[in-house]
> 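First the structure, then my questions, so here it is.
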There are 2 protein chains.
Amino acid sequence: MAKVRKSKQRDRIRELLERERIHVTASWVYDQLREEFPTLSLGNVYRNLNILVRQGEANRLPFGSTFDVYEAVRKPHYHFVCERCGAIEDVAVPGSLQAQLDSLLDDSSGHRLLRTTVEFHGICQACRKKATPSSEDQ
Amino acid sequence: MAKVRKSKQRDRIRELLERERIHVTASWVYDQLREEFPTLSLGNVYRNLNILVRQGEANRLPFGSTFDVYEAVRKPHYHFVCERCGAIEDVAVPGSLQAQLDSLLDDSSGHRLLRTTVEFHGICQACRKKATPSSEDQ
DNA sequence: GTATCTGCAAAACATTTGCCCTTTG
DNA sequence: CAAAGGGCAAATGTTTTGCAGATAC
């Protein structure tokens with residue numbers, strides 16, 4: 001892996017990931033920074049997001065959508081994804097549960113476990129409220 | 001959802017999902033069936049995979065890769081994904097654990113939970129063996 | 001100074017879609 | 001024979017890449 005130098009653009013992308021929002025897309029980041037860097041290119045946003053992921057500062061979350069979502073790396077957590085509106089919400093991880101999950105793999109498989117992800121898929125509260133009364137099963 | 005008629009192509013795709021392999025890609029399905037249906041198009045494979053997913057006969061698994069993976073719907077299970085070679089392996093679900101996971105969401109969130117997925121990411125046994133002795137940390 | 005970063009545009013890639021003919025029921 | 005499926009090719013949308021100039025160290 002080549003040496004990584006500092007760059008204003010990547011610094012700001014890292015800041016956006018860490019402070020402004022929990023889950024972002026490449027094009028959201030691009031839109032946020034266009035004013036600050038009028039010549040910014042989407043390709044460079046992708047390049048920097050990849051660098052951040054490679055360096056362990058960000059996670060790429062490939063949900064079912066047509067695009068990927070990124071988040072700053074922080075303490076372990078799970079995700080709830082709304083199938084209707086795409087909203088993503090963090091779910092806290094009970095330590096005991098994580099241990100149980102990981103133990104499913106450690107034992108006899110011979111695989112090296114790097115990380116475990118849990119995704120809950122469903123319909124979020126807001127979307128359920130939007131549903132018509134007759135379609136209560138949504 | 002429009003009414004779904006029978007088609008030879010979709011029947012064979014369903015069979016492939018159920019019998020031939022655990023996890024398949026659209027282009028693998030395409031390659032398998034080209035001989036049998038010389039005029040088969042990749043677009044049609046995608047169309048039919050989408051129909052099977054919509055009808056609850058198949059799952060789409062959007063792992064980190066650049067392409068999606070499909071599997072026939074069967075009893076609940078988790079996945080181990082090798083970061084190096086992309087191999088996917090099923091992991092059995094202890095019933096008690098699944099209940100604990102689901103309970104994380106049911107309670108106060110107000111969301112409707114449709115399904116829960118668990119993915120273990122790491123390096124599979126085969127890839128670890130391939131690693132040089134000096135790179136034991138892989 | 002030289003390796004890395006950037007903008008730009010083009011390429012790559014998986015997936016979807018429109019059109020028109022074929023098949024199913 | 002009306003509606004759904006298929007083939008083909010073009011379109012779509014996201015992500016990556018090659019190149020030439022700018023920037024970091």
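A, B, ... follow the sequence lines: proteins, then strands. Residue 1 opens every chain. Atom set for the values below is all heavy atoms of this structure, side chains included, hydrogens, waters and symmetry mates excluded.
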> Ion pair present between E71(A) and R74(A), side-chain N to carboxylate O less than 4.0 angstrom?
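Looking at E71(A) and R74(A), the cut-off is met.
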> Which is the 5'-most and which the 3'-most nucleotide of DNA chain D that has an atom under 4.0 Å from a heavy atom of chain B?
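Endpoints of the contacted stretch of DNA chain D: dA3(D) to dC8(D).
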> Could you walk me through whether E83(A) and H121(A) pass the side chain to side chain donor-acceptor pair (under 3.5 Å) test, one step at a time?
CA-CA 6 Å; E83(A) 305 255 288; H121(A) 291 259; 3.1 Å; yes
> If we ignore angles and hydrogens, is there a donor and acceptor under 3.5 Å between the side chains of H79(B) and E119(B)?
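On atom types as modelled, these side chains do not qualify, holding no pair under 3.5 Å.
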> Which is more 5' along DNA chain D, the nucleotide nearest P38(B) or the one nearest N50(A)? Just name the residue.
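Final value for this comparison: P38(B).
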> At under 4.0 Å between heavy atoms, how does the protein contact nucleotides 18-25 of chain C? Give one character per nucleotide, 5' to 3', with B, S or -.
B-----BS
> Can D11(B) and K8(B) be counted as an ion pair, charged N to O under 4.0 angstrom?
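Salt bridge absent between D11(B) and K8(B).
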> So, do L105(A) and F80(B) sit near enough that their side-chain heavy atoms are less than 4.5 Å apart?
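Yes - at least one pair of side-chain heavy atoms lies under 4.5 Å apart.
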> For Q9(A) and Y46(B), find the nucleotide of DNA chain C closest to each by heavy atoms; which residue's nucleotide sits nearer the 5' end?
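It is Q9(A), whose closest nucleotide lies nearer the 5' terminus.
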> So what does S41(B) touch, heavy atoms closer than 4.0 Å: a base, only the sugar-phosphate, or nothing?
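Base contact - S41(B) has a heavy atom under 4.0 Å of at least one base atom.
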> When the distance from CD1 of I51(B) to C1' of dT15(C) is rounded to whole Å, what number comes out?
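That distance rounds to 15 Å.
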> Examine distances only and state if a side-chain atom of R115(A) and a backbone atom of F120(B) form a donor-acceptor pair shorter than 3.5 Å.
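No, R115(A) side chain to F120(B) backbone: no donor-acceptor pair under 3.5 Å.
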> Figure out the CZ/C1' separation between F37(A) and dC5(C), and round it to whole Å.
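After rounding, the reported distance stands at 12 Å.
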> So, is N48(A) near the phosphate of dC5(C), with a side-chain N or O under 4.0 Å from OP1 or OP2?
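Checking dC5(C) against N48(A), no side-chain N or O comes under 4.0 Å of OP1 or OP2.
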> Side-chain donor-acceptor pair under 3.5 Å between H77(A) and E89(A), yes or no?
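No donor-acceptor contact under 3.5 Å links the two side chains.
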> Heavy atoms within less than 4.0 Å of DNA chain C: which residues of residues 61-70 of chain A have one? Give them sorted by number.
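Residues of residues 61-70 of chain A under 4.0 Å from DNA chain C: none.
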> How about T25(A) and D68(A): does a side-chain donor come under 3.5 Å of a side-chain acceptor?
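D68(A) and T25(A) do not have a side-chain donor-acceptor pair below 3.5 Å.
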> Judged by atom type as modelled, is there a donor-acceptor pair below 3.5 Å linking the side chain of S27(A) to the main-chain atoms of Y30(A)?
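No: the side chain of S27(A) does not pair with the backbone of Y30(A).
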> So which heavy atom on R10(B) is nearest to which on I51(B), and how close?
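Scanning both residues completely, I find the closest heavy atoms to be NH1-CD1, 3.4 Å.
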> Look at the side chain of R14(A) and the backbone N and O of L52(A), then say whether any donor-acceptor pair between them is shorter than 3.5 Å.
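Not confirmed, R14(A) side chain does not pair with L52(A) backbone.
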